[in-house]
Amino acid sequence: MSISSNVEPKSYIEASKSDCRVKAMQQELTTSEFNHTWVLSDIPSHKNAIGCCWVYEIKHKPRATLKWKVLIT
């Protein structure tokens, strides 16, 4: 799959087939950890974890260049 492709993946499985998307996801996780956006921790037995998901969206910047946007919500 080429980075110039305009096809947005619908799932992690689809996204993980592209090296450039895997690299973008890893960079996002690394940046989030570096900025102390979140930390992994054990959940107390009386608490529930909130859900999260990856959202894959190609953002077109001026001059027709592409920027990957990977969100964790």
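Both backbone and side-chain heavy atoms feed into the values below; hydrogens, waters and symmetry mates do not.
For Ser11, the side chain to side chain contact (heavy atoms under 4.5 Å, CB included) test picks out Ile13, Glu14, with sequence neighbours left out. Remark: Asn35 pairs with Thr31, Thr37 by the side chain to side chain contact (heavy atoms under 4.5 Å, CB included) rule, at least two apart or across chains. The side chain to side chain donor-acceptor pair (under 3.5 Å) search around Ser45 returns none, not counting sequence neighbours.
Between Met25 and Trp54, the shortest heavy-atom contact is O-CH2, 3.7 Å. Here the closest heavy-atom approach between residue Ala49 and residue Ile43 is recorded as CB-CD1, 3.3 Å.
Taken to the nearest 0.5 Å, the CZ atom of Arg21 stands 8.0 Å off from the CD atom of Glu8.
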